[in-house]
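In each ligand, atom 1 is the first atom listed, and ligand 1 is the first ligand listed. Note that this is a predicted model, so its numbers are computed, not measured.
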Amino acid sequence: MAEKIKKREEISEEYKWNVKDLCASDEEWNKLFDSAMREIKKLAEFKGKLESENNTGKFGEVLLDCLKAKDKAGRLTETAYVYANLRLNENSANSVYQAMSGKADNLVTVYFSACSFIEPEILSASEEIIINALESVSELKIYQHYIEDILRSKEHILPAEQEEILARTNEMAQAPDNIFGMLNNADLKFDDIKDEKGNIVPLTHGKYISYLESADRNVRKQAFESCYKAYFKQKNTLAAIYNASVKKDVFFSKIRKYNSSLEASLFSTNIPVEVYKNLIAAVNKFLPLMHRYIDIRKKKLNLDELHMYDLYTPIVKEANTKMPYEKAKEIIVKALEPMGKEYVEELKNGLEGGWIDIYENEGKRSGAYAWGAYGCHPYVSLNYDGTINSMFTLVHEMGHAMHSHYTWSNQPYVYGDYTIFVAEVASTVNEALLMEYLLKTTTDKNARAYLINYFLEQFRGTLFRQTMFAEFELITHELSEKGETLTFDSLCKIYRELNIKYFGDGIVIDEEIDREWSRIPHFYNAFYVYQYATGYSAAISLSRKILNENGAENYIKFLKGGSSEYSIDLLKTAGVDMSVSKPIEDAMEVFKGLLDKIE
Ligand SMILES: [Zn+2]
């Protein structure tokens, strides 16, 4: 029997985070809320001023005051929002914090709507006036990258009247995503399946992957077939929704004068189109390694035929190693030693200093995350369960937390965040260093095999699978840009060919897998998933540099960078250039090494 989940009060304080470091009490929060509102009002008073001064010598000073007001209001809003939600996440049933979080949501909306005039009014000024302002008002220098980033979009902004019409299409443009969400989450029904014990059990989105991981092949097969049967029943609807979504992307990219929908999507973070195409080309070059992995999998699972539903089940039994939290902490500190003394000291502070909420309690938010607000230390929420996996989760989330910690200690508020493109680098580098340490120190054969399998699966799921997704998105958008309509059959054909290419002929490409495209929610946020693959290869490549080339120093510089430069440039500081294929080659080299080991 599973142990009963504890109530939050039953857990000793030493295992909980210290939210009071962020805001001393609920009473203090009310004061914080009020002062945030006051500062937002002050910010709103700048509306119209930038535009009315956009031709005068006073523009620079007004802009500086406005941006300072924005930061002040932003910091207070962020602190209030994070406190309310950390509290709510401790126990989502707590009605005091439900109400507080509702108020905080509203505060954020008010803040963002108060900010909405800033970018258009900055863009109303001529480049000359802005350059002049940056030169004459010295304090404005801090904001230079921020301002230049706004100016970058100038050529894609339309005349005011057209912009207004476009703004009104926003909700309609969300339709494909919303409709897919409704169909996928509410209306789609899966047939029940029989579990390992022969019980009839429902198939749900949440359970799907765990059934595919089952050691019982019949369970995997049923889950796979039941899943795709449900999507097949809606085939024309699903194709129509996806076609509409791609058309929407193409429409907006053309209206805003981009060369392609890919370019439009990558523009916001200033990622060159080559980075995307280079990823696909480089991974394609290494597909024989994936085919080799498939052969190994078939052999280890002892199957005559490997099917698509045999991809997720571990090829090694889980090592029954118990990993108590205290021991995990010790291991992590040792594993991250190559990062250098300073990192390790800061990490230890974090592990002991009220950052982490370790154990599950009744009502606590599931999963794990790192979060926080500028000006305080970061927070990490876990549901630590004493497995090797939860040790990896701890080191992963501490990677995010240390990234925030370094950024917040070294950047002004305006650059205190970082993009998705770089976010998973910090967490994955930590995981890779831990993996390396464990492989070096583990002698038990099965435990080692388990670790290698875990690592191989990360490569398959993150580097290969997400790149295949990225390639699919590129093909579908390019077809749509040529005026072709995407139908169920044509989408399945594209997807099947990709599967054949990526997995090779060592596996049976079941007909069901042709429909996988129709169940991926991320496809409604086009050109997003490639960042998992680029981030992963950057991280693996950096972990090698840290271990073998004393690369820690440059890596720490990257952690300190926040969003003070574009993501590509920040990664160059760290030591990887994502516009060439080297980082992907480095990562593949590691993958190859793992294949050699497991064989
Ligand atoms: Zn993460």
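- Classification of Glu13 and Lys16 as a salt-bridged pair holds, one side-chain N sitting under 4.0 Å from a carboxylate O.
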So Phe523 and Phe180, ring pair (Phe, Tyr, Trp, His ring centres under 6.0 Å) or not? Walk me through it. CA-CA 10 Å; Phe523 285 163; Phe180 176 76; 9.4 Å; no
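- Each of Trp17, Trp371, Trp355 was evaluated against Tyr379; a single residue qualifies, Trp17, per the ring-ring contact (aromatic ring centres under 6.0 Å, His included) test.
- No close placement of the His522 and Phe469 rings is indicated, their centers lying 6.0 Å or farther apart.
- The count of protein N, O or S atoms under 2.8 Å from the Zn ion (ligand 1) stands at 4, with waters excluded from the count.
- In summary, the aromatic rings of Tyr15 and Tyr384 are positioned with their centroids too far apart to meet the 6.0 Å limit.
- Note on Glu457 versus Arg460: salt bridge recorded, some NZ/NE/NH1/NH2 to OD/OE distance being below 4.0 Å.
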